[in-house]
Amino acid sequence: MTNLELARRFYEIASLLEVRGESVFRIRAYQRAAQTLEALGEDVAAVAARGGLRRLPGVGRDLAARIEEYLATGRLAQLETLRAGLPATFLGLLEIRGLGPRTARALWEQLGIDSVEALEEACRSGRILGVAGIREKSRTNIVQAIERWRAGQARTPLARALAVARHLVETLRARGDVDRIEIAGSLRRMRETVKDVDLLVTSRAPARVLETFVTLPSVAAVTARGPTRVSVRHQAGLAVDLRVVEPEAFGAALQYFTGSREHNVRTREIASRRGRRLSEYGVFDERTGQRVAGLTEEDVYAAIGLPWIPPELRENQGEIEAAREGALPSLVTVEDLRGDLHAHTDWSDGRLTLERMVAAAEARGYEYVIVSDHSASLAIAHGLDVERLRAQAREIRALQARTRIRILAGTECDILEDGRLDFPDEVLAGLDVVLAAVHSRFKQSRADMTARIVRALANPWVNVLVHPTGRRLGTREPYDVDLEAVLAAAREHGKAVEINGSPERLDLADVHARRAAALGVPVAISSDTHALAEFEHVALGVAVARRAWLTPAHVLNTRPLDGLRAWSRPAGRAATG
Ligand SMILES: [Zn+2]
Ligand SMILES: [Zn+2]
């Protein structure tokens, strides 16, 4: 059990470093190492004995030394130092969404708040006001967050829930005893936020699987426990349900627990009209009571006369009808994308140099990538003025000479308050692709915001309206805009709109992307990458696109380079070569 004990301690160090405001890189390093240990099949002592610690993912020289210290002494001096002066219940405060480690620490230091109960009391009495900048509004937010925490109801953004679920799947697989394991629920349907994580497994040793699960270091508390099911609160702040089902019913259980409820109401009706009963245990003949399907989802759907339906579509939004008519869409996949149309470099607020950004895109196998740094009026992001944009264009040309992937010169150009663009037309005309975005004055009236964006879309050199509603999941509402008018303008002027795959944006949302496609407006699926790992965010954008019923034909960046360029700079309108 050394692996788990050590993982638990590393998680705790990460949390304590967070409380002390340490660098995010150190915090992540401990979290990564903890995850590695949790999923490690071999005893870490054995790994250490053969000198293999530093080959473990996420374990460098420092962390290898910590592991050796623990193996030799059973202690971690660093953890003891970090714990000093903080009560054991304190870390529970970090599970309250929106409180933040620094505020939690200030509350402890100034008011002695050391637990969720104490926090609640301080909110009720008003003692909390004035501490760490907390005002009436934040007090209300904290009270609501505590209520949601109690009810286990806080919704978690897709990316965060996926990371938790995938880690648990990997861990349970590595620890043995599971035969099949799948993520079900709204997470499998890739909803933009989820209430909890549902995992289904088959196993010849169900009791052992459940026991392994509840003792994982990343599990904060067990909230319910039965012979084939446990519910826990994960330390990332969301509920996780694990169910062990019989292998013959795995497909039926997967179908049932994937939902949605509305979709399942329809499938049960269809089954019953065929003299069959559909449940989490299988499809049964109503007359004989015999199970006719259950092993796989394909079998289950086939037994009620339907083709298999992709989980992202299971919302009772027309998928049943489409399935019956043999008209289910062939949904876009990550592999269909030929390039990324939204990427930043360290010329503005990205972390990669131009060269490294382009190399990373090339390593993904893309045919093209855009360079779309911010424009000057976004000073906070070191936006480029005309002169720096020209200097960047020269660097792009030089780099292109020694690069296979096609580098498209672009910009993420600010749409100014009145709908003008931040660069003059002759500058925009010299670029391959122009993205336009609202980054300021979010509080304009609906009429003004709509007119502002519609005017920008009428500019002949603008190609893609990016993150069209400006929302940030859980922290910023979309600005007030008549999206229908915006999409109509995009169609009229031959412009595209974006699904921004950045985890906190996912903008456009699925319903709006579906509407865009229905109107014939092309949709770009972009990462909006600011760092190496963020290229991966296109996968989240693709998830939204699939929920929006998009096929490759709807998506702008599935087009080959020639097709893309013919669209963005049609012959006769090209300004430069
Ligand atoms: Zn932006
Ligand atoms: Zn951007």
Side-chain angles (χ1 to χ4, degrees), residues 159 337 339-354 356-358 360-361 366 368-384 388-389 392 396 407-417 419-423 428 431-442 444 449 452-453 456-457 459 462-473 475-479 481 486 490 495-509 512-513 523-541 544 556-557:
L337 303 182
D340 201 321
L341 290 179
H342 191 160
H344 295 272
T345 73
D346 62 3
W347 281 75
S348 65
D349 60 350
R351 260 179 268 149
L352 296 178
T353 61
L354 175 65
R356 285 194 62 211
M357 190 280 277
V358 167
Y366 285 147
Y368 49 84
V369 67
I370 195 175
V371 181
S372 57
D373 281 308
H374 291 287
S375 63
S377 76
L378 200 59
I380 192 172
H382 308 289
L384 278 60
R388 288 182 67 219
L389 187 71
Q392 188 185 50
I396 290 174
I407 313 166
L408 301 170
T411 173
E412 179 178 1
C413 186
D414 262 39
I415 301 174
L416 305 178
E417 197 181 334
R420 281 178 304 123
L421 276 295
D422 201 13
F423 285 125
L428 297 178
L431 298 168
D432 296 310
V433 178
V434 171
L435 315 183
V438 168
H439 288 119
S440 60
R441 306 284 299 211
F442 299 113
Q444 276 181 327
M449 183 60 89
R452 173 184 182 183
I453 297 175
L457 287 170
N459 180 298
V462 165
N463 300 113
V464 187
L465 176 66
V466 298
H467 46 74
T469 74
R471 73 167 178 175
R472 290 196 176 253
L473 284 174
T475 58
R476 189 166 77 205
E477 291 297 309
Y479 36 69
V481 65
V486 167
K495 308 299 157 91
V497 291
E498 180 188 62
I499 295 175
N500 187 297
S502 169
E504 62 271 17
R505 287 191 185 272
L506 302 184
D507 180 9
L508 290 174
H512 297 140
V523 178
I525 303 174
S526 306
S527 69
D528 196 0
T529 181
H530 288 72
L532 190 59
E534 293 178 7
F535 274 104
E536 297 292 334
H537 292 162
V538 288
L540 297 170
V544 174
L556 184 61
N557 46 322

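Each ligand, and each atom within it, is numbered from 1 in the order the structure gives.
Judged as a salt bridge (Lys or Arg N to Asp or Glu O under 4.0 Å), and not counting sequence neighbours, R356 has no contacts. Scored by the salt bridge (Lys or Arg N to Asp or Glu O under 4.0 Å) test, R388 finds no partners at all (sequence neighbours excluded). Scanning for ring pair (Phe, Tyr, Trp, His ring centres under 6.0 Å) contacts around H467 gives H439, with sequence neighbours left out.
Under the 4.5 Å side-chain criterion, counting only non-hydrogen atoms from C-beta, M357 is in contact with F535.
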>> What verdict does the side-chain hydrogen bond (donor to acceptor under 3.5 Å, both in side chains) test give for D349 and H530, after you've listed the backbone C-alpha separation in whole Å, the side-chain angles of each residue and the deciding distance to 0.1 Å?
In response: CA-CA 7 Å; D349 60 350; H530 288 72; 3.2 Å; yes
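At a cut-off of 2.8 Å, measuring from the Zn ion (ligand 2), the protein N, O or S atoms that fall short of it are H342 NE2, H344 NE2, E412 OE1, D528 OD1, waters left aside.
When you scan the N, O or S atoms of H439 for the one nearest the Zn ion (ligand 1), you land on NE2.
When atom types are taken as modelled, the side chain of E498 and the backbone of V464 share no donor-acceptor pair closer than 3.5 angstrom.
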